[in-house]
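Heads up, the thing below is written out as structure tokens.
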Amino acid sequence: MNFIDLHTHTLPKREDVDAVLNQYPAEADSTLAMFSTGIHPWYIAAESLDDELGKMEELLARENCVAVGECGLDKKSKTDFRLQLEAFEAQLKLATNFRMPVIVHCVAAFQEIISLKSNLSVEVPMIIHGFSKSDELAQQLLNHGFYLSFGDRILESDALRQVLKNVPADRFFLESDSADVDIAEIYKTGAESRGAGTSELIQQMHSNFNSVFNKSI
């Protein structure tokens, strides 16, 4: 059974990894075995937003496209926040139309994202990728129906490993994102944090993926 890398920007270096490759709409490689597509808040341009959303619609119709994202809100970005909101809301609507989960980028805007999920009545799964915040925030997000994905920061943070330990088994994923790190190391640390074996954690990630993405791999 392969490792599942929920979110990455690079092709896996090992053969025993099933990865969701992040693809920007205008540059997407639609021949990948499995990918997501979305407009990152850093790179939103008002003049090309409609074209990018149109390209997303084409890509989301493909069987090997499994999620919308990464997309979201980032208050530390130079991109106008109102434009970020417009782009994110449009992508949430696409996710709803295509019944696809959303891989969410969030920096200093968690309350806004929680509010959007509620106000727009978003029912498709929303996964906060690269989660590295407090247990209190984790529990708040979980209570609002979000999933959490943990990356390489669990390798260096005792506090974050404790957060991971407290997350219900069916509500999290593991990812490499853009880090130059072996996903197997993230799984090993994640398993140790939860008092489980790596093979047990791999099985759990497959179960979670099959449930959230409605796709068996």
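Note that the structure is a prediction, hence the values are computed from the model and not measured.
Criterion: ILVMFWY side-chain heavy atoms under 4.5 Å apart, direct or through other members. Under it, Phe35 and Val102 are not part of a common hydrophobic cluster. Hydrophobic clustering (ILVMFWY, side-chain heavy atoms < 4.5 Å, transitive): Leu11 and Tyr24 are in distinct clusters. Criterion: ILVMFWY side-chain heavy atoms under 4.5 Å apart, direct or through other members. Under it, Leu32 and Val68 are not part of a common hydrophobic cluster.
The structure places CG of Asp18 at 10.0 Å from CE of Met1, a figure rounded to the nearest 0.5 Å. Distance check: Asn22 CG to Ile103 CD1 gives 7.0 Å after rounding to the nearest 0.5 Å. With values rounded to the nearest 0.5 angstrom, Ile183 atom CD1 is found 5.0 Å from Ser176 atom OG. Distance CG/Leu6 to NE2/His129: 9.5 Å, rounded to 0.5 Å. Atom OG of residue Ser193 and atom CG of residue Asp158 lie 8.5 Å apart, to the nearest 0.5 angstrom.
Within the structure, ring pair (Phe, Tyr, Trp, His ring centres under 6.0 Å) contacts touching residues 45-99 (residues at least two apart or in different chains) do not occur. The list of side-chain hydrogen bond (donor to acceptor under 3.5 Å, both in side chains) pairs with a residue in residues 138-148, not counting sequence neighbours, reads Gln111-Gln140. The ring pair (Phe, Tyr, Trp, His ring centres under 6.0 Å) pairs that include a residue from residues 175-203 are Phe3-Tyr187, where partners are two or more places apart or lie in different chains.
Asp182 places a side-chain N or O within 3.5 Å of a backbone atom of Ala184 that can act as its donor or acceptor partner. A donor-acceptor pair under 3.5 Å is absent between the side-chain atoms of Gln23 and the main chain of Thr37, judged by distance alone. Looking only at distances, a side-chain donor or acceptor of Glu175 sits under 3.5 Å from a matching main-chain atom of Gly130. Proximity of a side-chain donor or acceptor of His206 to a complementary backbone N or O of Ile4 within less than 3.5 Å is not detected.
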Only distances under 3.5 Å count here; give the side-chain donor-acceptor pairs of residues 195-203 to other protein atoms, sequence neighbours excluded, each with its distance to 0.1 Å.
none

Could you tabulate the donor-acceptor pairs under 3.5 Å formed by side-chain atoms of residues 46-59, not counting sequence neighbours?
from, atom 1, to, atom 2, distance (Å)
Ser48, OG, Ala45, O, 3.4
Glu52, OE1, Ala26, N, 3.4

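Scored by the side chain to side chain contact (heavy atoms under 4.5 Å, CB included) test, Asp170 finds Pro168, Gln204, Asn208 as partners (sequence neighbours excluded). A search for side chain to side chain contact (heavy atoms under 4.5 Å, CB included) contacts involving Ala19 returns Asp5, Thr8, Pro12, Val17, Leu21, not counting sequence neighbours. For Arg153, the side-chain hydrogen bond (donor to acceptor under 3.5 Å, both in side chains) criterion is met by Ser132, not counting sequence neighbours. Applying the salt bridge (Lys or Arg N to Asp or Glu O under 4.0 Å) criterion to Lys13, with sequence neighbours excluded, gives Asp180. Evaluation of the ring pair (Phe, Tyr, Trp, His ring centres under 6.0 Å) rule for Phe146 yields no partner, not counting sequence neighbours. In terms of the side chain to side chain contact (heavy atoms under 4.5 Å, CB included) criterion, residue partners of Ser157 (sequence neighbours excluded) are, by chain and number, Ala159, Leu160.
Between Glu86 and Arg82 no salt bridge is recorded (no basic side-chain N to carboxylate O distance below 4.0 Å).
Partner Phe131 forms a side chain to side chain contact (heavy atoms under 4.5 Å, CB included) with one of Val163, Ile154, Leu164, Val104 and no other, that one being Val163.
Residue Val107 is found outside any hydrophobic cluster, as its side-chain heavy atoms come under 4.5 Å of no other Ile, Leu, Val, Met, Phe, Trp or Tyr.
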Apply side chain to side chain contact (heavy atoms under 4.5 Å, CB included) to Val124 and Met100, showing your working. CA-CA 6 Å; Val124 296; Met100 283 191 177; over 6 Å; no
Q. Does the pair Val20 and His7 meet the rule for a side chain to side chain contact (heavy atoms under 4.5 Å, CB included), with working shown?
A. CA-CA 5 Å; Val20 180; His7 173 72; 5.8 Å; no
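The shortest heavy-atom contact between Arg194 and Lys165 is NH1-O, 3.5 Å.
Heavy-atom contacts from other residues, nucleotides or ligands closer than 6.0 Å to CD of Glu89 number more than 12.
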